[in-house]
J.: 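The structure is given below, and queries will be raised subsequently.
Chain A is the first sequence line, chain B the second, and so forth, proteins listed ahead of strands; every chain is numbered from 1. Only heavy atoms go into these numbers, but all of them, side chains included; no hydrogens, no water, no symmetry mates.
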2 protein chains.
Amino acid sequence: MTLVTLGPEGTYSELAAKEWDSSEDIVLKSSPRKVVDAVGRGFFGILPIENSIQGTVVRTVDLLRTNDIEICGELILEINHCLIGSGKKEIKTVVSHPQALAQSREFINQKFPNAEVQAAESTANAVKKAQNNEKMVAVAPRHAAQKYGLKILYENIQDVEDNQTRFIVLGENDHEPSGNDKTSLIFYVENNPGSLYNCLGAFAKNNVNLTKLESRPSREKLGDYYFYIDFEGHRRDNKVKKAIDELKQKAREVKLLGSYPKRQEPSP
Amino acid sequence: MTLVTLGPEGTYSELAAKEWDSSEDIVLKSSPRKVVDAVGRGFFGILPIENSIQGTVVRTVDLLRTNDIEICGELILEINHCLIGSGKKEIKTVVSHPQALAQSREFINQKFPNAEVQAAESTANAVKKAQNNEKMVAVAPRHAAQKYGLKILYENIQDVEDNQTRFIVLGENDHEPSGNDKTSLIFYVENNPGSLYNCLGAFAKNNVNLTKLESRPSREKLGDYYFYIDFEGHRRDNKVKKAIDELKQKAREVKLLGSYPKRQEPSP
């Protein structure tokens, strides 16, 4: 099965695709929209859904909400920023995506107080720039060094430890029960006191444990919300079935996004 | 009262500070941490908390969680990306913060299919670069054009309409009741089926309407969550008081972030 994810070569998304299945072809696209379109044509897609520092990737949730695709897997990637360069000359410029720069600011300020800090469109583009300039170093994932023939000068340079990104695997169908599963869905409620409470009652009464809940404005009507939730169990489990059936009676609309094997978070 | 917010000059945060109170001094800091530290020294702070496309600004929520500051106001800013440049020469390069570039990608591809796209650390830094190069244009808020002596070549170039950012005003105390208020708080729950449901019951039973709810890993213990919520009413209102008292009996910990006058969202 060919995997489609976000490029260019050297992104964390490409790394996630390799971790998921290193034996398969990986096709790199320039936007989440293009990844989702490819899933519709029979490929499997991989997109980031949540980062422990930056929070939910809203763009991915919105694409799940509006497209006929399902989640068939998840994986969690430890984000390990490295300083990558030629190692040949004095470092004059540090380049990366602004998020990676922000996450490594203390390290950069301490080690290279006089270096110019420059933004790039992606961590992979930053490494490409460093490839062409021996006085420039990039903040990027470790595998990007090898790909572009550069050296890892420092590892784990992010200021905040415990930086993880959760990716979801997208297909035309979700996953068979594995015995340790999660299910994701989106539901819409009216903006009334107690309406969310009523909806969550469907899960509480059936002893189903929520692992993530997020509200988002529906952008259809002022003050109208939808909720994205993850919970433990497979949609074919009895108690999960009951909970979803009850939710359907209480919410304005329910969109099931799929059930899939649960990955354990690395310990904090 | 001096306002402290995120710089450099020309950011949307600076614009939010001016909208909040154009008669006061504005001090610009290089990080959210520094804004919060200034609030502790008697200034008022302004930070983004939520964008309609990008979602919650997790960094701001985490600072609220771990610092002794209160929310005393909110304001909502329409994000209107403009194309800003000299207007004198053919456009060879489009420069901006990657988020602003991503939000304007369709426009740029259609109008300037051959232009090089370049990343900058902020929209304000992008305009500075365009100031020094007549063949370069920046994607940035309209007031940045005037500040740097450049022209607005196109307005409202973002691909998605209805792009708003909500900012909160931070002080050492929250706001007196105004008759149309909101309250924000953070609470921690054990990771058990029904624990969140029980907590939300405190609001439902007292007829208090939630306007935002988001779960975040507490990062203290695996599977341990906290919730950030906004709801209608002032903490001194009778039914809000009751709801908070009941919540305190059900949640492991409750941190009140303050009550403040509610701003109406612009119509979608």
J.: Can you tell me how far OG of B:S215 sits from CD of A:E50, rounded to the nearest 0.5 angstrom?
T.: 7.0 Å
J.: Name, in order of residue number, those residues of residues 202-214 of chain A that have a heavy atom at a distance of less than 4.5 Å from a heavy atom in chain B; otherwise write 'none'.
T.: A:A204, A:K205, A:N207, A:V208, A:N209, A:L210, A:T211, A:K212, A:L213, A:E214
J.: Quick check on A:N51 against chain B: is it the side chain, the backbone, both or neither that has a heavy atom closer than 4.5 Å?
T.: backbone
J.: Given heavy-atom pairs under 4.5 angstrom as the criterion, report whether the side chain, backbone, both or neither of A:V117 touches chain B.
T.: both
J.: Find the one option among B:S195, B:G201, B:S31, B:S122 whose heavy-atom pairs under 4.5 Å with chain A are most numerous.
T.: B:G201
J.: On a heavy-atom basis, which atom in A:S30 and which in B:R105 lie closest, and how many Å separate them?
T.: O-NH1, 4.1 Å
J.: Using a 6.0 Å cut-off, check whether atom NZ of B:K250 has over 12 heavy atoms from anything other than its own residue.
T.: yes
J.: Could you give the distance from CD (B:Q103) to CZ (A:R59), rounded to the nearest 0.5 Å?
T.: 10.5 Å
J.: Just wondering, more than 12 heavy atoms not from B:K92 lying within 6.0 Å of its NZ?
T.: no
J.: Once rounded to the nearest 0.5 Å, what's the spacing between atom CG of B:L196 and atom CG of A:L196?
T.: 7.0 Å
J.: Flag yes if more than 12 heavy atoms outside A:K129 fall under 6.0 Å of its NZ atom; otherwise flag no.
T.: yes
